[in-house]
Amino acid sequence: MNKELIITKEDNPIYTIYIENNYNKLSSVIDKLQLEHGKALIVTDSNIGIHYAQEVKSIVNQSIPFVEILTLEPGEANKNIETIQKIYHTLISYQFDRKDILIALGGGVVGDMTGFAAATYLRGIRFIQLPTSLLAMVDSSIGGKTGVDYLSYKNMVGAFHQPSAVYINLQVLNTLPEREYYSGFGEIIKHGLIKDKSYYRWLKSNSSSILSRENESLTEMIYRSCSIKKQVVESDPHENGERALLNFGHTVGHSIEKQLNFSYLHGECVSLGIVAAAQLSYEHGNLSIDELEDIKETLKQFKLPVCLSNVSFSSKIIAQTTRNDKKMEAGQIKFILLHSIGAAYIDKTITEQEIESAVQLILI
């Protein structure tokens, strides 16, 4: 059963999220963009390209006469301005203009970089997201956030630039390594915690079929997570308010990610950040101890870490690093807490000392 979601702005449709079981409908999606005289550049990485780049190229070629593939080195370490320059160089070499298109075939790193290149090349050209990781399907491919890391600061340079379409092929999850698959649950569980208690409960009840990658459960899970992301980004497209709720677990998570030199996956670090944020929510009198423990058990149920051991950094370093987070506002950390499971809010009163104390509990 295939599903679609339409992202709107002021009730006007901007683009569609297609949830499919193959790439068979991709050519019809591209046909709608009227690129029969244009060019397309598929940007992928060496992990993904070997599986899907040629298949996607042949499908895109049905609608666009000129299609090239640019294969990048994989991983967060390559998410930088130097890699963006390679994309620019390729676009210039093939004389791409504003009527042409970029296609991001990969996980969040490829999607973020391709989107940023599209946002900035000739002051903006179109691009399509073909997310290949679970995390990218439910999170980074939706909402128009693009960007790269600067030095060790995650997503410090970026732009808002909406894709022309998001096409999710569920079958690519079958080739996703287990650890990367599990990483996606950091964002998925977050969606339930911040916005939808019934979805959170559904995830717990269906964990077995989800972990087994059963198609029916995957379709429902991805559709519901995308629906939550759609709801938030439509109400706040440029993160002036409610969209900040999507950062639940990310302030501490990004700091841990940086201190671990990106040796942990993004969803794993978000999981650790969720534990710290849930702890603070408990300490502020919002969550009960049973709810706090339930959140930890749910993360473990989905194969995500809830603590770290034998690390070379302290909780104090993590707390200090949060001050470099790009979501700071007038010197205050915009920390996301839970009133209850399914109801998040922004708290600007959280201190470094409180963060340090919460992080201390996950460093064992």
Side-chain angles (χ1 to χ4, degrees), residues 39-49 53 68-98 100-133 135-136 139-164 166 180 183 237-239 246-247 250-251 253-267 269-270 321-328:
K39 305 185 191 79
L41 178 67
I42 298 167
V43 181
T44 188
D45 67 35
S46 54
N47 288 341
I48 297 302
E68 285 292 331
I69 299 169
L70 174 61
T71 304
L72 305 173
E73 291 298 311
E76 190 80 29
N78 298 295
K79 187 180 174 182
N80 51 44
I81 293 294
E82 289 74 19
T83 304
I84 295 295
Q85 289 174 339
K86 292 178 183 177
I87 302 176
Y88 292 152
H89 182 77
T90 304
L91 293 170
I92 292 168
S93 297
Y94 290 118
Q95 298 179 322
F96 270 61
D97 61 38
R98 287 182 180 168
D100 299 324
I101 197 163
L102 284 166
I103 298 173
L105 174 64
V109 170
V110 167
D112 282 2
M113 289 196 296
T114 305
F116 182 68
T120 50
Y121 180 73
L122 299 179
R123 296 190 177 93
I125 66 172
R126 290 179 290 178
F127 82 111
I128 294 174
Q129 291 272 18
L130 304 186
T132 59
S133 71
L135 194 147
D139 186 59
S140 59
S141 68
I142 304 164
K145 274 189 178 181
T146 74
V148 294
D149 303 338
Y150 178 71
L151 301 176
S152 58
Y153 300 104
K154 190 172 173 69
N155 296 327
M156 189 58 73
V157 179
F160 287 98
H161 189 58
Q162 300 292 350
S164 295
V166 177
E180 295 217 8
S183 174
H238 294 107
E239 201 171 311
L246 293 168
N247 299 322
H250 284 60
T251 302
H254 281 166
S255 297
I256 291 173
E257 201 169 4
K258 177 185 174 185
Q259 292 301 320
L260 291 171
N261 199 26
F262 302 104
S263 61
Y264 268 47
L265 298 176
H266 177 69
C269 294
V270 167
T321 308
T322 61
R323 299 199 66 78
N324 294 321
D325 192 280
K326 64 185 181 300
K327 300 169 187 71
M328 289 283 289

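Basis for what follows: all heavy atoms, side chains included, without hydrogens, waters or symmetry-related copies. Start at 1 with the first residue, then count along the sequence.
- Residues V109 and D45 fail the side-chain proximity criterion, which asks for heavy atoms closer than 4.5 Å.
- The 12-atom threshold is exceeded at CD of E82, counting heavy atoms of other residues, nucleotides or ligands nearer than 6.0 Å.
- Here T146 contributes atom OG1 and I84 contributes atom CD1; the two are 8.0 Å apart, rounded to the nearest 0.5 Å.
- Put simply, the side chain of K79 never gets that close to the backbone of K154: no donor and acceptor are under 3.5 Å apart.
- Y121 places none of its side-chain heavy atoms less than 4.5 Å from the side chain of I87.
- A 4.5 Å side-chain heavy-atom check between L105 and T132 finds at least one atom pair inside the cut-off.
- Rounded to the nearest 0.5 Å, atoms OG1 (T90) and CD1 (I69) are 12.0 Å apart.
- Under a 3.5 Å cut-off, the side chain of S263 and the backbone N or O of L260 do form a donor-acceptor pair.
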Note to self: One pair to check against side chain to side chain contact (heavy atoms under 4.5 Å, CB included): V110 and I48. What are the steps and the verdict?
What the structure shows: CA-CA 10 Å; V110 167; I48 297 302; over 6 Å; no

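- Under the 4.5 Å side-chain criterion, counting only non-hydrogen atoms from C-beta, D112 is not in contact with V148.
- Between H266 and H254, the two ring planes are tilted [angle within 30° to 60°].
- The CE atom of M113 sits 9.0 Å away from the NZ atom of K86 when rounded to the nearest 0.5 Å.
- With hydrogens and angles disregarded, no donor-acceptor distance shorter than 3.5 Å links the side chain of N247 to the backbone of H250.
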Checklist line | Derivation of the side-chain hydrogen bond (donor to acceptor under 3.5 Å, both in side chains) call for N155 and K145 | finding: CA-CA 9 Å; N155 296 327; K145 274 189 178 181; over 6 Å; no

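- Interatomic distance, L246 CG to I142 CD1, rounded to the nearest 0.5 Å: 10.0 Å.
- Within the 4.5 Å cutoff, no side-chain heavy atoms of D100 are placed close to those of Y94.
- Proximity of T44 to L72: side-chain heavy atoms (C-beta onward) are nowhere separated by under 4.5 Å.
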Next item on the list: Could you please spell out the steps behind the side-chain hydrogen bond (donor to acceptor under 3.5 Å, both in side chains) verdict for Y264 and S183?
Entry: CA-CA 9 Å; Y264 268 47; S183 174; over 6 Å; no

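- Put simply, the side chain of D149 does not reach to within 4.5 Å of the side chain of L151, judged on heavy atoms.
- Enclosure of atom OH in Y150 is not indicated, since only 12 or fewer non-hydrogen atoms of other residues, nucleotides or ligands lie within 6.0 angstrom.
- At distances below 3.5 Å, not a single donor-acceptor pair connects side-chain atoms of S164 with backbone N or O atoms of R126.
- How far OG of S141 is from CD of Q129: 5.5 Å, rounded to the nearest 0.5 Å.
- For the pair D139 (side chain) and L135 (backbone), a donor-acceptor distance under 3.5 Å is absent.
- In this structure, F116 and V157 have side chains that are in contact, with non-hydrogen atoms separated by less than 4.5 Å.
- Under a 3.5 Å cut-off, the side chain of R98 and the backbone N or O of L122 do form a donor-acceptor pair.
- Rounding to the nearest 0.5 Å places CG of L102 at 8.5 Å from CZ of F127.
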